[in-house]
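Residue numbers start from 1 in every chain, and the chains themselves are labelled A, B, ... in the order their sequence lines are given, proteins ahead of strands. Keep in mind that this is a model prediction, so the values were computed, not measured.
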There are 2 protein chains.
Amino acid sequence: MATGRNHRPATRSRGIPEATVARLPLYLRALTALSERSVPTVSSEELATAAGVNSAKLRKDFSYLGSYGTRGVGYDVEYLVYQISRELGLTQDWPVVIVGIGNLGAALANYGGFASRGFRVAALIDADPAMTGRQVAGMGVSHVDDLEQIIQANGVSIGVITTPGGAAQQVCDRLVAAGITSILNFAPTVLSVPEGVDVRKVDLSIELQILAFHEQRKAADELAAGRNGTPRVPAAVERRAGRAEDGPEGDIPAVMPA
Amino acid sequence: MATGRNHRPATRSRGIPEATVARLPLYLRALTALSERSVPTVSSEELATAAGVNSAKLRKDFSYLGSYGTRGVGYDVEYLVYQISRELGLTQDWPVVIVGIGNLGAALANYGGFASRGFRVAALIDADPAMTGRQVAGMGVSHVDDLEQIIQANGVSIGVITTPGGAAQQVCDRLVAAGITSILNFAPTVLSVPEGVDVRKVDLSIELQILAFHEQRKAADELAAGRNGTPRVPAAVERRAGRAEDGPEGDIPAVMPA
DNA sequence: AACTGTGAAATCCTTCACAGCT
DNA sequence: AGCTGTGAAGGATTTCACAGTT
């Protein structure tokens, strides 16, 4: 898939690494904050700190976009805001639909930062007739029967799925059939989509489980270290350590699904 | 950092790769579904499909946990559920607090999948006195003044921040001072925390921006390909292509370093 | 003097492909 | 015969460190 070899010096190289793309929004946010404070230029070091990364990484990232900095000086804030916005496709507006107007769907509909960057909620869609027509975030909820028509009429290419897990694949299939090519999935389901459709997944429960893993490891390390190391670990670990033990190995448990 | 060389067959190697940890919850979810259907064993191929990864990756991931499969047969579903649960620390229960009971905080509080896997909402906390005492998801909202006391009393070590961006760092500092060592941050803010505290970030706006990047690239590729390629790209790209143009190269945009 | 842009090295992650067990 | 477990190869990402520019 990589474009063989890129002769052109920079300025328009195809194929920005995915890891870099995922950080561009962070840089953009930090830059926007600087812009609002009318800061004219910023060094890679300062910007990196604001974005929560290290400066070598930031410079490498920017090098994929082109040479937008000035040696000895830094980056022009407004200019960079524009370049990154353009690279991310935020100079155009992106209508999105939210399917599944439960607690989460409604919360997202109300979420302000949504509209801020070129994203516009074109419609809220739900399968429940009792929901249809109700006002959420100042907007009428449409019935899922009209899904295809809404997408076509508004030229929507991004869909957000906030249905229960059981409905997600079905909704996904309809979205894709209707022309959607990017999906943000909040349902706890692995969606299968045809080639050419992007799916990103946001899953609260997965994030918590990852945190739990590290949390547990901290407690275990603390125990193993015989509590004689640096006393930098906060109180919770200490309190928790007792419960963390579970029989380190051995007997097969009474595992319970439900 | 790698433990030199691991003699022990497996069973307890330190240092599971982060990428693997991030996938364990996916495997666990797929396994739980199999378990509910009383499927006794599963091959790496089947499980990988259900989890949305490829089988080599899955086998490699499991190899970090130990040798839990049977050659020629596959994995015992119940046994694997237990092993992964244990590895993730889900055999104990994790009280969490949610700070910031706006739309999103309330939605999370109501979210069912929360409680399912050992996570228990110990308290909902908000700074707004008007919110205090109100019932959300069958639970009283506490005032942020009591944050420290609540955390100590319940042995909470995981905090979820759903405040507006402006309040997030402040809340984070208090959580950390009170003993929290893992934070799930929904606020659009880069949190700074002392060493030993884990932060994971969930950001709707960032996810959408990443999708927009790819969406834009699809449209651009479509144009560049002179629309003679395979006609597999859905209608939205076509519709969108006109707007996606922005001056492909060449002229420097209106926005310029002052 | 300050700071960017980038090859090269180091590290991390994925995929291949097959030996080894059941 | 079927499937796991894993070295080794291949990619991708991060970090280093410094040449080059203002």
Side-chain angles (χ1 to χ4, degrees), chain A residues 1-24 26-27 31 39-49 51-77 79-80 83 210, chain B residues 1-24 26-27 31 39-49 51-77 79-80 83-84 210 257:
Chain A
M1 206 144 282
T3 344
R5 176 65 60 147
N6 195 346
H7 291 133
R8 309 289 239 42
T11 316
R12 186 75 356 186
S13 73
R14 238 354 68 215
I16 298 173
E18 193 52 38
T20 295
V21 172
R23 280 186 297 266
L24 292 181
L26 288 177
Y27 302 145
L31 284 163
V39 176
T41 62
V42 66
S43 70
S44 62
E45 192 64 42
E46 294 166 318
L47 183 53
T49 302
V53 304
N54 77 31
S55 64
K57 199 186 291 188
L58 177 144
R59 288 200 302 279
K60 189 53 118 187
D61 284 342
F62 286 178
S63 80
Y64 295 115
L65 310 185
S67 280
Y68 295 150
T70 308
R71 290 166 203 242
V73 178
Y75 301 92
D76 181 277
V77 171
Y79 186 60
L80 247 196
Q83 291 298 347
I210 296 170
Chain B
M1 201 145 287
T3 343
R5 182 55 68 139
N6 196 347
H7 291 134
R8 309 287 241 41
T11 317
R12 186 79 348 194
S13 74
R14 234 4 55 223
I16 297 172
E18 193 52 35
T20 295
V21 172
R23 279 187 297 266
L24 293 181
L26 287 177
Y27 302 144
L31 284 164
V39 176
T41 62
V42 66
S43 71
S44 62
E45 193 63 42
E46 294 167 316
L47 183 53
T49 301
V53 304
N54 76 31
S55 64
K57 200 186 292 191
L58 177 143
R59 288 200 302 279
K60 188 56 122 183
D61 283 342
F62 286 179
S63 80
Y64 295 116
L65 309 185
S67 279
Y68 295 150
T70 308
R71 291 167 203 240
V73 178
Y75 301 93
D76 182 275
V77 171
Y79 186 59
L80 246 196
Q83 291 300 344
I84 295 179
I210 295 170

Open item on the list: Nearest whole Å is fine: how far is D:dG5 P from B:Lys60 NZ?
Closed with: 12 Å
Would you tabulate the pairs of protein nitrogen or oxygen atoms and nucleotide nitrogen or oxygen atoms of nucleotides 18-21 of chain C closer than 3.5 angstrom?
residue : atom : partner : partner atom : Å
C:dG20  : N3   : B:Arg71 : NH1          : 3.3

TODO: Determine: side-chain N/O of B:Tyr75 to OP1/OP2 of D:dG5, distance under 4.0 Å, yes or no.
DONE: yes
Open item on the list: For a 4.5 angstrom cut-off between non-hydrogen side-chain atoms, does B:Leu80 reach B:Leu47?
Closed with: yes
Task: Separation of atom CD in A:Glu45 from atom P in D:dA17, rounded to whole Å - done: 15 Å
Task: Short side-chain N/O contact from A:Ser44 to OP1 or OP2 of C:dC3, under 4.0 Å - done: no
Task: Contacts of A:Ser44 that satisfy side chain to side chain contact (heavy atoms under 4.5 Å, CB included) - sequence neighbours left out - done: A:Ser55, A:Leu58, A:Arg59, A:Tyr75
- [ ] Only counting residues at least two apart or in another chain, list the ones meeting side chain to side chain contact (heavy atoms under 4.5 Å, CB included) with B:Pro17.
- [x] B:Thr20, B:Tyr64
Task: Gap between atoms CG and P, on A:Leu58 and C:dT4 respectively (whole Å) - done: 8 Å
TODO: Please report, rounded to the nearest Å, how far the P atom of D:dT15 is from the CG atom of A:Asp61.
DONE: 11 Å
Open item on the list: Between A:Tyr79 and A:Tyr68, is the ring centroid distance below 6.0 Å?
Closed with: yes
Open item on the list: Tell me the interatomic distance from A:Leu65, atom CG, to C:dG5, atom C1', rounded to whole angstroms.
Closed with: 13 Å
Open item on the list: Run the side-chain hydrogen bond (donor to acceptor under 3.5 Å, both in side chains) test against B:Thr49 and tell me which residues pass, sequence neighbours left out.
Closed with: none
Task: Spacing between B:Leu80 atom CG and D:dT4 atom C1', to the nearest angstrom - done: 12 Å
- [ ] Find the distance A:Glu18:CD to D:dT14:P and express it as a whole number of Å.
- [x] 11 Å
Task: Residue B:Pro17, side-chain heavy atoms: nucleotide from D:dT14, C:dC13, D:dT6 that is nearest - done: C:dC13
Open item on the list: When you measure from the side-chain N and O atoms of A:Tyr68 to the phosphate of C:dC3, is any distance below 4.0 Å, counting only OP1 and OP2?
Closed with: no
- [ ] Using a 4.0 Å heavy-atom cut-off across all strands, classify A:Phe62 as base, sugar-phosphate, or nothing.
- [x] nothing
TODO: Using only side-chain N and O atoms of B:Lys57, determine if any of them is under 4.0 Å from OP1 or OP2 of C:dT15.
DONE: yes
Task: For A:Thr41, all residues meeting side-chain hydrogen bond (donor to acceptor under 3.5 Å, both in side chains), sequence neighbours excluded - done: none
Task: Separation of C:dC13 P from B:Leu24 CG (nearest whole Å) - done: 13 Å
Task: Nucleotide of C:dG5, D:dT15, D:dT13 approaching A:Ser67 most closely (side-chain heavy atoms) - done: C:dG5
Task: Phosphate OP1/OP2 of D:dT15: any A:Asn54 side-chain N/O under 4.0 Å - done: yes
Open item on the list: Using side-chain heavy atoms (C-beta onward) and a distance below 4.5 Å, is B:Leu24 in contact with B:Leu65?
Closed with: yes
